[in-house]
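Since the model is a prediction, treat every value here as computed from it, not as a measurement.
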Amino acid sequence: MKLLIKNGHVIDAKSGLDKVTDILADEGLIAEIGEDIDPTGCEIIEADGMYVIPGLVDAHCHLRDPGFEYKEDIESGTRSAAKGGFTSVACMPNTNPVLDNEAMIKYVINKAKAEGLVNVYPIGAVSKGLKGEELSEIGELKFAGAVALSDDGKPVNNSSLMKKAMQYASMFDITIISHCEDLDLVDEGLMNEGYYSSVLGLKGNPAPAEEVMIARDLILAEYTRAAVHIAHVSTGLGVDLIRNAKRRGVNVTAETCPHYFSLTDQACEGFNTNAKVNPPLRTQKDVDAIIEGLKDGTLDIISTDHAPHHRDEKNVEFKQAANGLVGFETAFPLAITCLVKPGHLTLKQLVQKMCANPSKMLGLNKGTIEVGFSADLMIFNINEQYTVDINKLESKGKNSPYNGYKLFGQPQYTIVGGNPVVRSGQIV
């Protein structure tokens, strides 16, 4: 059946659309955009008073499948993504087995087609087994369907191996997503090194542990002329390093995550393990720098780094607790509440960072509202407030520090290929 979205305020960064209009979807594609489209034979969604934007694209998440399905699997992860307004997600390779060969890439693609509610694109491992010792078969991964390469969860410590990875990736026109962390400088640090780590008596993870590796990978990208994407930037100096590299013409893109513009290391007070992430939450000065980096375009993308864990992996002493938080269902509302509402970003700029730019970085034909493109859409009310309840999350993981937060912009409809998978904020 055809789907007609009527009277929504359509915002699209790529095409420049910014007006109240109708959208007709037919056979999975956007067939027409205009006023007073004939509704004959259509299912109608009345979007009066709401915004219609492209379905969100997440360039960095963890679906835990295969191997860690007790934390999350493709079905539960894509349900969570859909409820958060995401229609396309790219999942990291730190699974068991690792996504370092054609068979594992195909496994994710095929399982997602069978069980997933949204589009799933696997990211292949830079090194075999994520061991940082031997390059994966990069061409094999690309041709199998990998959209990027990363050892996320672990840094590629060997600089020579990273240089070779960039050179090979460049030959196959695929981007490396770099997890920037100098493990010697981390030195088993548990949270940001600073006032709150001292108050809590926890070993600190200093900002230079991230910044040194950002600098290294920017230098290598400049040398090899390869495309590199810096993951989950959390520090002010990290933003400056990327900003200066862009001015020199380095082929770099960069992302941050909602927790780095909405929380500081103070969230770890009371040994709150749901605020234990990697890289760690930093200071207010860093938060301000992250927001400035989003405003001036240094940070191109907002990703979730959705990292679900079982309750038993968080309900332990801070030192033993796993790193990570669930992000699909709070990412967009946090961006609306913390960035758009205060005037740091316009809604069109946010759409650029959560739809168009991640699509471009990953080489996907997604993230825009144009005739002939996939009818992947999201509809939301920017002025309707809701309260986060972790017990109502679709993800198996409930490890969120945002329980009880009042946020704006909860997605009301998520439409994948012309098919509504979320209606009135609930999975269909």
Side-chain angles (χ1 to χ4, degrees), residues 28 55 57-82 86-154 156 164-165 168-179 227 229 231 303-308 328 358-367 374 376 395-396 416-417 419 421:
V57 179
D58 189 8
H60 181 161
C61 71
H62 301 267
L63 296 181
R64 307 301 193 197
D65 190 347
F68 304 104
E69 290 88 350
Y70 69 95
K71 300 174 188 268
E72 192 83 287
D73 56 36
I74 286 173
E75 181 183 6
S76 67
T78 57
R79 286 175 65 88
S80 180
F86 291 90
T87 56
S88 297
V89 301
C91 56
M92 286 295 176
N94 56 338
T95 51
N96 185 23
V98 172
L99 307 186
D100 61 2
N101 60 74
E102 179 182 4
M104 296 315 303
I105 296 295
K106 293 293 188 185
Y107 165 86
V108 171
I109 292 172
N110 292 334
K111 189 170 184 182
K113 285 179 179 177
E115 300 180 7
L117 263 66
V118 306
N119 305 300
V120 176
Y121 300 94
I123 295 170
V126 171
S127 68
K128 292 182 179 180
L130 303 180
K131 294 179 180 178
E133 298 169 354
E134 183 181 358
L135 286 181
S136 301
E137 297 292 341
I138 289 174
E140 176 185 300
L141 294 174
K142 169 70 183 280
F143 298 133
V147 294
L149 302 169
S150 184
D151 273 8
D152 186 67
K154 295 182 179 180
V156 179
K164 292 183 177 71
Y168 277 99
S170 185
M171 291 168 57
F172 291 100
D173 192 26
I174 191 169
T175 299
I176 289 182
I177 300 175
S178 178
H179 173 110
H229 178 76
S303 297
T304 68
D305 197 4
H306 176 78
F328 282 146
S359 298
K360 183 179 179 181
M361 188 273 288
L362 295 170
L364 307 179
N365 204 21
K366 301 287 185 180
S374 296
D376 294 346
S395 173
K396 289 183 182 180
V416 182
N419 177 41
V421 295

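- Put simply, the side chain of Leu149 does not reach to within 4.5 Å of the side chain of Ile177, judged on heavy atoms.
- Judged by distance alone, the side chain of Asp58 and the main-chain N or O of Thr304 form a donor-acceptor pair under 3.5 Å.
- The two residues Val57 and Ser359 have their closest heavy-atom pair at CG2-OG, 3.4 Å.
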Under 3.5 Å donor-acceptor pairs involving side-chain atoms of residues 103-114, not counting sequence neighbours:
residue: Lys106; atom: NZ; partner: Ala144; partner atom: O; Å: 3.4
residue: Tyr107; atom: OH; partner: Asp65; partner atom: OD1; Å: 2.7
residue: Tyr107; atom: OH; partner: Lys111; partner atom: NZ; Å: 3.4
residue: Asn110; atom: ND2; partner: Lys106; partner atom: O; Å: 3.2
residue: Lys111; atom: NZ; partner: Asp65; partner atom: OD2; Å: 2.7

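- Side-chain atoms of Thr95 come within 3.5 Å of backbone N or O of Pro97 as a donor-acceptor pair.
- Atoms CD1 and NE2, from Ile123 and His229 in turn, are 8.5 Å apart once rounded to the nearest 0.5 Å.
- The closest donor-acceptor contact from the side chain of Asp376 to the backbone of Gly417 lies under 3.5 Å.
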Test side chain to side chain contact (heavy atoms under 4.5 Å, CB included) on Asp151 and His179; report intermediate values, then the result. CA-CA 7 Å; Asp151 273 8; His179 173 110; over 6 Å; no
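- Scanning for side-chain hydrogen bond (donor to acceptor under 3.5 Å, both in side chains) contacts around Thr175 gives an empty result, with sequence neighbours left out.
- Shortest non-hydrogen contact noted between Ala82 and Val118 is CB-CG1, 3.8 Å.
- The two residues Gly153 and Asn94 make their nearest non-hydrogen contact at CA-ND2, 4.4 Å.
- In summary, the side chains of Lys366 and Thr87 do not present any donor paired with an acceptor at a separation below 3.5 Å, with no hydrogens or angles considered.
- Note that CE of Met171 and NZ of Lys142 are 12.0 Å apart. Values are rounded to the nearest 0.5 Å.
- Contact of the Lys164 side chain with the Leu135 side chain is registered, since non-hydrogen atoms from C-beta on lie closer than 4.5 Å.
- Qualifying side-chain hydrogen bond (donor to acceptor under 3.5 Å, both in side chains) partners for Ser76, counting only residues two or more places apart in sequence or in other chains: Glu72, Asp73.
- Applying the ring pair (Phe, Tyr, Trp, His ring centres under 6.0 Å) rule to Phe328 yields the partners Phe86, His306; only residues at least two apart in sequence or on another chain are considered.
- Looking only at distances, no side-chain donor or acceptor of Asp152 sits under 3.5 Å from a matching main-chain atom of Met92.
- Asp100 is not listed as a side-chain neighbour of Ser127, based on a closest heavy-atom distance of 4.5 Å or more.
- Here the side chains of Pro308 and Arg64 are in contact, with some heavy-atom distance below 4.5 Å.
- Listed by first and then second residue, the ring-ring contact (aromatic ring centres under 6.0 Å, His included) pairs involving residues 110-151 are Phe143-Phe172 (not counting sequence neighbours).
- Nearest heavy-atom pair across Leu99 and Leu141 is O-CD2, 4.2 Å.
- Note that CD of Glu140 is 5.5 Å distant from CD of Glu102, once rounded to the nearest 0.5 Å.
- Nearest heavy atom pair, residue Thr78 against residue Glu115, reads OG1-O, 4.3 Å.
- Taking OG from Ser136 and CD1 from Ile138, the interatomic distance works out to 7.0 Å, rounded to the nearest 0.5 Å.
- In Asn96, the CG atom is crowded: over 12 heavy atoms of neighbouring residues, nucleotides or ligands sit closer than 6.0 Å.
- With contacts defined as side-chain heavy-atom distances shorter than 4.5 Å, the pair Val89/Cys91 does not qualify.
- Ser150 meets the side-chain hydrogen bond (donor to acceptor under 3.5 Å, both in side chains) test with no other residue; sequence neighbours excluded.
- Although no hydrogens or angles enter the test, the distance criterion places a donor-acceptor pair under 3.5 Å between the side chain of Glu69 and the main chain of Gly67.
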